[in-house]
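Below you'll find the structure, written out as structure tokens, and then a few comments.
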Protein chains: 2
Amino acid sequence: MPGGPVGQGARVDLHTFYYNERMDTRTKLTEAMAELLWERGYAATSPHEVMARSGVGQGSLYHHFSGKRDLAVQAFRNTAADMTSAPTPLDDDGSPLERLQRYLQVPRAGVRGCRVGRMTQDPQVVADAELMTVVASAFDTMLTRWERTIGEAVRAGELPAGTVPSDLARTLAAVIQGGYVLARAQGSQEPMDAAIRGAVSLLDAARVAASHD
Amino acid sequence: MPGGPVGQGARVDLHTFYYNERMDTRTKLTEAMAELLWERGYAATSPHEVMARSGVGQGSLYHHFSGKRDLAVQAFRNTAADMTSAPTPLDDDGSPLERLQRYLQVPRAGVRGCRVGRMTQDPQVVADAELMTVVASAFDTMLTRWERTIGEAVRAGELPAGTVPSDLARTLAAVIQGGYVLARAQGSQEPMDAAIRGAVSLLDAARVAASHD
DNA sequence: GTCTATAGTGTGATAGAC
DNA sequence: GTCTATCACACTATAGAC
């Protein structure tokens, strides 16, 4: 191993190492942009910041991408694809209702916010049809999964027969998205966890009600 | 009625009339800023836009306020006070659970988003301790009301005895906040309404479960 | 494919006349 | 108290050498 910056005793900032040593320039740029979209949003992220974080120069950015918007679209497409392709407890073992409750309780860092939901509050993003398409289809994919598992729970008699899967799917997705909002409003994880606990309890109550259908 | 701009046949843009004829300069500025905070957020709103919308000149803005931040703090304090002081169905007649369900179903224009919750996604707002205090205390006031009515519903036997009011309050607040996110993501009111319907149904189920406690 | 230099625009804010 | 003119700066983007 020749004397790279990772040699013995060398202290390397994780980000710098990550970006500089293991990715091509294009990827460095999209990864840095994806992080900044999450942390700061689209409007508040400048090309200058992306270059600083990725260690890539100005000329390279405008060589690989036509500009800030192009870079953001590519980066955010990757983010949405990562999120929607990741496996969830919704497809694990267990009864449908258990899976719904397990997915609700997946750890979520409330104060960081949702990478996709965040975009929804950025006026420049909402005004951009291409970005909004990515946002909308990411939510669509997620809601479809919720709906399918909720339908299974109804058929299994774990939820009341009158349950409307498309409604409840939006309710549970909203609890998560709203949990992020509450957590950020209070600067604390606790409101997110409380909101989830309350939703899990409501599903427990619904199971009890279904058993008396 | 002397020849004001509202004389017979005169057509006056509602905004222009509203700002120009009925308010003092300070109020014109805070009202315009409050609207823009809602529509575009803090970071994305420039003093120039505030002046254009209010019809007030640059010199006046910096005479009445020390700058953009000062104006935004004053404007947003007014917004938060308006929202937290308005009466809600939570304090109306009817059983506690009915009041909770009625409040959930208050019409909310999902695509416009929540005036307070919106601030939560703006990095420059989150970094500002003064603005975040206003946000946090507005949510606090709202959550306390939810909690009180939920507690009443539990004591009335309309919700299961094991219900944790502080948890369920956050769940229901999250449904509303998340409903805004979903509505904006899809550019449609429908996801908000669906999320609310699902939450109302869950509360119905919880009432059934409570009756078997 | 990457660099440095620089353009052109809009920002938040101030100066000073009236 | 309000106006117009202007500042210094940061932004997104381009030019052109290497």
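Naming: A, B, ... by sequence-line order, numbering from 1 per chain.
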Between protein and nucleotides 6-8 of chain C, what N or O pairs are separated by less than 3.5 Å?
none

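- Interface residues of residues 64-77 of chain A facing DNA chain C, ordered by number: A:His64; criterion, heavy-atom separation under 4.0 Å.
- How far CH2 of B:Trp146 is from CZ of B:Arg99: 12.0 Å, rounded to the nearest 0.5 Å.
- In this structure, CG in A:Asp24 is found 11.5 Å from OG in A:Ser60, a value given to the nearest 0.5 Å.
- For the pair A:Thr30 (side chain) and A:Ala75 (backbone), a donor-acceptor distance under 3.5 Å is absent.
- Atoms CZ and CD, on A:Phe139 and A:Gln177 in that order, are 4.0 Å from each other to the nearest 0.5 Å.
- Following rounding to the nearest Å, B:Met51 (CE) and C:dA13 (P) show an atom-to-atom distance of 11 Å.
- On the nucleic acid side, DNA chain D contacts chain B at distances under 4.0 Å to non-hydrogen atoms, with the end points of that region at D:dG1 to D:dA5.
- For the pair B:Gly59 and A:Gly57, both in contact range of DNA chain C, the more 5′-proximal nearest nucleotide belongs to A:Gly57.
- Residue pairs meeting the side chain to side chain donor-acceptor pair (under 3.5 Å) criterion with at least one member in residues 104-124 of chain A: none, sequence neighbours excluded.
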Practice problem: For the pair B:Lys68 and B:Glu49, evaluate salt bridge (Lys or Arg N to Asp or Glu O under 4.0 Å) and give the outcome as yes or no after the intermediate values. | Solution: CA-CA 11 Å; B:Lys68 169 182 167 175; B:Glu49 284 173 297; over 6 Å; no
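- With sequence neighbours left out, the side-chain contact (heavy atoms from CB on, under 4.5 Å) criterion links A:Ala44 to A:Arg40, B:Pro123.
- Residue B:Met23 holds its CE atom at 11.5 Å from OG1 of B:Thr25, rounded to the nearest 0.5 Å.
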Practice problem: Take B:Tyr42 and B:Leu36 through the side chain to side chain contact (heavy atoms under 4.5 Å, CB included) test and state the conclusion after the steps. | Solution: CA-CA 8 Å; B:Tyr42 175 76; B:Leu36 286 163; over 6 Å; no
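- Here side chain to side chain donor-acceptor pair (under 3.5 Å) pairs that include residues 186-205 of chain A, with residues two or more places apart or in two chains, are A:Gln101-A:Asp204, A:Gln189-A:Asp193, A:Glu190-A:Arg197, A:Arg197-B:Asp167, A:Asp204-A:Arg207.
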